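Because only heavy atoms are used, hydrogens play no part in the values below, and waters and symmetry mates are left out as well, while side chains stay in. For clarity, every value in this text was computed on a predicted model and none was experimentally measured. Order of listing sets the numbers, starting from 1, for every ligand and every atom in it.
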Amino acid sequence: MLVHLFMGVGEDYSVCTGTMANSERTFIVIKPDGLQRSLVGEIIKRFEQKGFRFIAMKLIQASEDLLKEHYIDLKDRPFFAGLVKYMQSGPVVVMVWEDLNVVKTGRVMLGETNPPDSKLGTIRGDFCIQVGRNIIHGKDSVESAEKEIGLWLQPEELVYYKSCAQSWIYE
Ligand code: UDP
Ligand code: MG
């Protein structure tokens, strides 16, 4: 009987529909260098330990067309071709995290685009050195995150579920 108290039997944590109140979604990609350098677990750990909740995650080899569309706003920049090649050089892990202020906080956790400008304690500040190998992508606005979620994922790949930690994370 005691075990039941701790396990939360009677509660339903299965897949459900809808989102949490006040929440937003962000789109994160662990780039090929992050995966090859075995930083996937470390990066996921940071988001999990913050208290954020993932609602999608997949390993994918991105096509050139997808990456060109993904970085369309940067198409005239001199590093565009190299960026697409880098992002295609191996599989990536794409994730959607949903929670309160996850877009802004996610960017803070990533650090600055250029690693030397990133504070220690951020992902880019701790694990990388050059802008062209900065291991992680994350959106800086709710609108652009939604656009990228639609580009990379099918609606059925987003999985909503109740988290037993919510009442301990939110007042
Ligand atoms: N990038 C690069 N050289 C530059 C600027 C950017 O290779 O001088 C790459 C880098 O991988 C960066 C990505 O292009 O993460 C997208 O650039 P953006 O300015 O959107 O930075 P982010 O949003 O990723 O911080
Ligand atoms: Mg950007």
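- Applying the side chain to side chain contact (heavy atoms under 4.5 Å, CB included) rule to Ser38 yields no partners; only residues at least two apart in sequence or on another chain are considered.
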Any protein N or O within less than 3.5 Å of an N or O in ligand 1? List each pair with its distance, or say none.
residue	atom	partner	partner atom	Å
ligand 1	11 (O)	Lys31	NZ	3.0
ligand 1	11 (O)	Val131	O	3.4
ligand 1	11 (O)	Asn134	OD1	3.3
ligand 1	15 (O)	Lys31	NZ	3.0
ligand 1	15 (O)	Asn134	ND2	2.9
ligand 1	21 (O)	Thr113	OG1	3.2
ligand 1	23 (O)	Arg107	NH1	2.8
ligand 1	24 (O)	Arg124	NH2	3.1
ligand 1	25 (O)	Arg107	NH1	3.4
ligand 1	25 (O)	Arg107	NH2	3.4
ligand 1	25 (O)	Thr113	OG1	2.5
ligand 1	25 (O)	Arg124	NH1	3.1

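- Applying the ring-ring contact (aromatic ring centres under 6.0 Å, His included) test to Phe27 and every residue at least two apart in sequence or in another chain returns Trp152.
- Between Arg46 and Met109 there is a side-chain heavy-atom pair separated by less than 4.5 Å.
- Residues passing the ring-ring contact (aromatic ring centres under 6.0 Å, His included) test with Tyr86: none are found, sequence neighbours excluded.
- Side chains of Ser23 and Glu98: a donor-acceptor N/O pair is present below 3.5 angstrom, by distance only.
- Remark: aromatic rings of Phe52 and Trp97 are distant, center separation not under 6.0 Å.
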